[in-house]
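Inspection log for the structure reproduced underneath, given as structure tokens.
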Amino acid sequence: MRSYKIALIKGDGIGPEIVEEAVKVLDAVSFAEGFELKYEELLLGGAAVDATGDPAPKETLEGVKQADAVLFGAIGGQKWDNLPREKRPESGLLKLRKEMEVFANLRPVTVYDELVNASTLKPEVIRGVDLMVVRELIGGIYFGEPKGNDGQKAFNTMVYTKPEIERIAKVAFEIAMKRSKRVCSVDKANVLDVSQLWRDTVEEVAKAYPEVTLTHMYVDNAAMQLVRDPKQFDVILTGNIFGDILSDEASMLSGSIGLLPSASVGEKYGLYEPIHGSAPDIAGQGIANPIATIASAAMMLRFALKEDAAAERIERAIKQALSEGYRTQDLSAFDAKEVCSTSEIGSIIANYASK
Ligand code: NAD
């Protein structure tokens, strides 16, 4: 029997509640598809600070490398906000990402038909949106040297090497091959030298993917096009800072932060997590929406374990639950037939996914 080891990092706030529901669904689909998942729980963030004094304990940084994939909830909360920066939960997550060398951040944005009214954009603009932002995560201006601030002058350096661009471009083209075979590379090549290298390199990588149609777009235009006509996009490939902004913009197309999954992947490891935080304001009340985490588990099955059929079961089950009107409280204003708790919607999705 195929067997995989999954590291579970529940984290803080709603983290434990939503990860529990994703495990429920994973158990249902692994049983249905005939493979086995073995879980190991690891500590990160505030929970790790409380238990060990360190937001990213050594056992966690080593433990994730023993696993086939990592499923992560969320970290953070007021309780730890006054600690020195290196002791805060957020530092733990940055350390984990760096340790795992996850250079590609993947954010799919799917607008569910049943929830077109949840978006701030007009239904006709967003109905049918299905795109993926592929963002370079560990290079570019956020990490470039030199950088400095002497109180009178401050600067950062936007730098990309050809190998860094090649590896992220390959990820985007591989993903496009499994989708509708279109990549739009976003840059600022009319102004920035680094973007010219980006564009030239992406063109070179594209030669290995003749079936994929490559287009280029300036980032200012892309920001505008994303709200004007988001359906024109399939895979958006971009660097760290542009991707940071565009992926947040794109995520709001769907209308709810509780729906959107993400993956951060590298050559060896992958971290799968909802895009939202630990939502301390609703933690412990059983009202958090677990769908983003459940959809992240589907991404994990597809990208890390190559269990595509199991991933499809989950994605189908989420759609079915929404189309039958089951909603958590955050979406209760949008055509809800029944408002469910975190655990109830998890069970409904697990049940549909097992069929
Ligand atoms: P947040 O995403 O946690 O919450 C923003 C709002 O969205 C809140 O009103 C919350 O109740 C709601 N929300 C979020 N997820 C939801 C869900 N699944 N279902 C229903 N409603 C949901 O962002 P924030 O309030 O700015 O941050 C709270 C904490 O989370 C902070 O400590 C922050 O540092 C941390 N954070 C962690 C991550 C991460 O772990 N990757 C990401 C962002 C923020």
Measure the shortest side-chain to side-chain distance between Glu267 and Phe103 over non-hydrogen atoms and say whether it is less than 4.5 angstrom. yes
Less than 4.5 Å apart, any side-chain heavy atom of Leu237 and any of Trp198? yes
Gly258 backbone acceptor or donor facing Ser256 side chain under 3.5 Å: yes
Out of curiosity, does Val133 fall in the hydrophobic cluster containing Ile245 (side-chain heavy atoms, cut-off under 4.5 Å, transitive links)? yes
Applying salt bridge (charged side-chain N to carboxylate O under 4.0 Å, His left out) to Asp54 and not counting sequence neighbours gives none
Can you hop from Tyr160 to Ile141 via hydrophobic side chains spaced under 4.5 Å? yes
Charged N to carboxylate O below 4.0 Å: is that the case for Lys65 and Glu62? no
Before accepting this row, confirm whether a basic side-chain N of the pair Arg2/Glu33 lies closer than 4.0 Å to the acidic partner's carboxylate O. no
For the CZ atom of Arg107 and the CE atom of Met299, what is their distance to the nearest 0.5 Å? 10.5 Å
Among side-chain atoms of Asp229 and Gln225, is any donor-acceptor pair under 3.5 angstrom? no
Please determine if Lys306 and Asp68 form a salt bridge, counting it only when a charged side-chain N lies under 4.0 Å from a carboxylate O. no
Test item: Gln78 and Pro280 side chains (from C-beta on) under 4.5 Å apart, heavy atoms: no
Find the distance between CE (Met158) and OH (Tyr142) and round it off to the nearest 0.5 Å. 9.0 Å
Roughly how far, to the nearest 0.5 Å, is CZ of Arg199 from CG of Leu214? 9.0 Å
Is there a path of hydrophobic side-chain contacts, each under 4.5 Å between heavy atoms of I, L, V, M, F, W or Y residues, that connects Phe242 with Tyr218? no
Measure the shortest side-chain to side-chain distance between Leu226 and Ile236 over non-hydrogen atoms and say whether it is less than 4.5 angstrom. yes
Taking the side chain as every heavy atom from C-beta outward, state whether Val125 and Pro230 have any pair of such atoms under 4.5 Å apart. yes
How long is the gap from CG on Asp308 to CD on Glu315, to the nearest 0.5 Å? 9.0 Å
Just by distance, with hydrogens left out, do Ser195 and Asp187 show a side-chain donor and acceptor under 3.5 Å apart? no
Backbone of Ala56 reached by a side-chain donor or acceptor of Thr60 within 3.5 Å: no
With a sphere of 6.0 Å drawn around NZ of Lys231, does it hold more than 12 non-hydrogen atoms of other residues, nucleotides or ligands? yes
Side-chain contact test, heavy atoms from C-beta onward, threshold under 4.5 Å: evaluate it for Ile14 versus Ile282 and give yes or no. yes
Show which residues join Leu43 in its hydrophobic cluster (side-chain heavy-atom contacts under 4.5 Å, direct or indirect), or state none. none
Would you say Val339 and Ile318 are hydrophobically clustered, going by side-chain heavy atoms of ILVMFWY under 4.5 Å? no
Any ion pair linking Glu41 and Lys10 (charged N to carboxylate O, less than 4.0 Å)? yes
Can you list the residues that meet the salt bridge (charged side-chain N to carboxylate O under 4.0 Å, His left out) rule with Glu20, with sequence neighbours excluded? none
Are Leu246 and Val191 co-members of a hydrophobic cluster defined by side-chain heavy atoms under 4.5 Å apart? yes
Would you mind reporting whether Lys79 and Asp50 have side-chain heavy atoms less than 4.5 Å apart? yes
Any carboxylate oxygen within less than 4.0 angstrom of a Lys/Arg side-chain nitrogen, looking at Lys319 and Asp113? no
Among Ile, Leu, Val, Met, Phe, Trp and Tyr joined by side-chain contacts under 4.5 Å, find the other residues sharing a cluster with Val49 and list them by chain and number. Trp80, Leu83
Quiz: residues 162-173 side-chain donor-acceptor pairs under 3.5 angstrom, not counting sequence neighbours:
| residue | atom | partner | partner atom | Å |
| --- | --- | --- | --- | --- |
| Lys162 | NZ | Glu204 | OE1 | 3.0 |
| Lys162 | NZ | Glu204 | OE2 | 3.3 |
| Glu164 | OE1 | Thr161 | N | 2.9 |
| Glu164 | OE1 | Thr161 | OG1 | 3.3 |

Residue pair Asn105, Val134: steps toward the side-chain contact (heavy atoms from CB on, under 4.5 Å) verdict: CA-CA 6 Å; Asn105 182 242; Val134 177; over 6 Å; no
Sub-3.5 Å donor-acceptor pair from the side chain of Arg88 to the main-chain atoms of Asp81, do we have one? yes
Do Arg97 and Leu271 have side chains that get closer than 4.5 Å, going by heavy atoms? yes
Measuring from Leu8:CG to Phe72:CZ, what's the distance to the nearest 0.5 Å? 12.0 Å
With sequence neighbours excluded, tell me which residues meet salt bridge (charged side-chain N to carboxylate O under 4.0 Å, His left out) with Arg316. none
